[in-house]
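In what follows, a single structure is set out as structure tokens and then discussed.
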Amino acid sequence: MGESAETLHGWGVTPQEAVALQNALRERLVLQPPASLRVSRVAGADISTENGNALGYGGFVVLDAVSLRPVEQAGAAVALSFPYVPGLLSFRELPVLLAAWNRLAHKPDLVIFDGQGIAHPRRFGIACHGGLLLGVPSIGCAKSLLVGKVGPLGEARGETAEIRHRGEVVGMAVRTRRGVSPVYVSPGHLMDLPTAVEWVLRVSPRYREPETTRHAHRFVNALRTAGGGDREAQEKTETSP
DNA sequence: GCGACAG
DNA sequence: ATCTTGTCGC
């Protein structure tokens, strides 16, 4: 059998095969940002699911890394073929996100996913799988933990505490705003933990969640509410200036 | 065997 | 994630 890009997808696999694929793909991760990394555009990715889980509306919103203003967005609607299984989220969401990604005219230099990076049972969360598949530096920023334990962290914005799992530091709990629960940050692909934390704080100047995530969430939710399936999603792929 | 369990 | 009513706080 040939080694190909097809291997990176894993669409159509069973949950059992998905686990094996994660264990194999994990070896390809690069947990270090490229020395040449210059982020001028940073994107958020998210999906919104329909009633009975039939259709998934996914999308990216690309922000200017300095102003944090949206510069482009792209969405797609794809039938969801994989169930939600803790630890296998990427197999459910990435097919939708890939379709949206292909509609982006200008790819971002960094993508922040709504979910885990290496803070995962097999160190291969959606940010890892997505970064590898799209060939882009990526960060996982989740609202809750999938695995690991976190000690107490300070109350001030910018405070952090390690996420430890099986004796390893797999991520960081980050307080992006005083008085709210932290977000959980871990590297995806072409990324390391310090750089990931730095970027999450940079794109979260005011609210608990990164501006990237907030924009992406609103965008895909609007797509779903508007209905219309993929036709409608494709048409709303340009941002108004 | 018993919990825990991203979105 | 989605489905939903009310409530608390700036």
Side-chain angles (χ1 to χ4, degrees), chain A residues 10 15-16 18-19 21-22 25-26 29 44-61 75-100 111-133 138-150 157 163-166 170-174 176-189 191 193 196 200 206-210 212-227 233:
Chain A
Q16 328 252 315
V19 169
L21 194 51
Q22 290 181 323
L25 294 180
R26 175 182 59 202
L29 286 180
D46 196 16
I47 81 164
S48 181
T49 61
E50 212 176 35
N51 310 318
N53 283 344
L55 273 184
Y57 291 80
F60 289 84
V61 177
V78 173
L80 298 172
S81 56
F82 201 93
Y84 169 69
V85 178
L88 300 178
L89 180 65
S90 64
F91 292 87
R92 177 175 176 79
E93 299 199 347
L94 285 184
V96 191
L97 292 178
L98 180 60
V111 174
I112 299 179
F113 286 86
D114 195 359
Q116 315 294 343
I118 63 171
H120 178 277
R122 289 166 294 280
R123 299 178 63 103
F124 199 72
I126 188 171
C128 301
H129 200 165
L132 200 55
L133 180 63
S138 61
I139 294 170
C141 181
K143 297 178 290 299
S144 62
L145 281 176
L146 176 59
V147 295
K149 296 295 180 184
V150 181
R157 171 186 145 79
I163 302 172
R164 306 197 63 106
H165 181 56
R166 299 175 187 167
V170 295
M172 207 77 92
V174 179
T176 51
R177 175 178 181 165
R178 169 162 239 135
V180 301
S181 48
V183 291
Y184 302 95
V185 178
S186 57
H189 180 48
M191 183 56 51
L193 186 51
V200 166
R206 180 165 183 190
Y207 301 105
R208 182 198 179 206
E209 296 209 75
T212 43
T213 303
R214 300 181 71 244
H215 275 99
H217 195 279
R218 280 186 303 178
F219 174 51
V220 297
N221 199 56
L223 285 181
R224 179 179 61 81
T225 302

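Remember, predicted model here, so these are calculated numbers, not experimental data. To find a chain, count down the sequence lines: A is the first, B the second, and so on, and within it residues start at 1.
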Exercise. A:I126 near the nucleic acid: base, sugar-phosphate alone, or nothing, with a heavy-atom cut-off under 4.0 Å?
Worked result: base

Exercise. Under 5.5 Å between ring centres and under 30° between planes: does that hold for A:Y84 against the base of B:dG7?
Worked result: yes

For this session: Calculate the interatomic distance between A:E93 atom CD and B:dA6 atom C1'; express it in whole Å.
Result: 9 Å

Problem set entry | Parallel, tilted or perpendicular: ring planes of A:H129 versus A:F91, cut at 30 and 60 degrees | perpendicular

Exercise. Does a side-chain N or O from A:N221 land closer than 4.0 Å to OP1 or OP2 of C:dA1, or not?
Worked result: no

Exercise. Between C:dA1 atom P and A:Q116 atom CD, what is the distance in whole Å?
Worked result: 13 Å

For this session: Inspect the contact between A:D114 and A:K143 and indicate whether a charged nitrogen and a carboxylate oxygen are less than 4.0 angstrom apart.
Result: yes

Exercise. For A:D46 and B:dA6, what is the distance between atoms CG and P respectively, to the nearest whole Å?
Worked result: 15 Å

For this session: Could you state the atom-to-atom distance from NE2 of A:H120 to P of B:dA4 in whole Å?
Result: 19 Å

For this session: May I ask you to evaluate whether A:S48 reaches the phosphate of C:dT2, defined as a side-chain N or O under 4.0 Å from OP1 or OP2?
Result: yes

For this session: Would you indicate what A:L94 reaches in the nucleic acid, counting non-hydrogen atoms under 4.0 angstrom: base, sugar-phosphate, or nothing?
Result: nothing

For this session: In whole angstrom, give the distance that lies between atom CZ of A:F91 and atom P of B:dG7.
Result: 18 Å

Exercise. Is A:S144 near enough to B:dG7 that one of its side-chain N or O atoms lies under 4.0 angstrom from OP1 or OP2?
Worked result: yes

Exercise. Starting at NZ of A:K149 and ending at P of B:dA6, how long is that distance when rounded to a whole Å?
Worked result: 13 Å

For this session: State whether A:R92 places a side-chain N or O below 4.0 Å from either non-bridging phosphate oxygen (OP1 or OP2) of C:dA1.
Result: no

Problem set entry | Atom pair distance, as rounded to whole Å: OH in A:Y57 and C1' in C:dA1 | 15 Å

Exercise. So what does A:G87 touch, heavy atoms closer than 4.0 Å: a base, only the sugar-phosphate, or nothing?
Worked result: base

Exercise. Roughly how many Å is it from CG in A:L89 to P in B:dA6, rounded to a whole number?
Worked result: 9 Å

Seminar exercise, completed: Looking only at heavy atoms, the pair that brings A:F60 and A:A45 closest together is CE2-CB, 3.6 Å

For this session: May I ask you to verify if any side-chain N or O of A:K143 is less than 4.0 angstrom from the OP1 or OP2 atom of B:dG7?
Result: yes

Problem set entry | Exercise: identify the closest heavy-atom pair between A:C128 and A:G117 | SG-C, 3.3 Å

For this session: Go through the steps to decide whether A:N221 and A:R224 satisfy the test side-chain hydrogen bond (donor to acceptor under 3.5 Å, both in side chains), and finish with yes or no.
Result: CA-CA 5 Å; A:N221 199 56; A:R224 179 179 61 81; 3.0 Å; yes

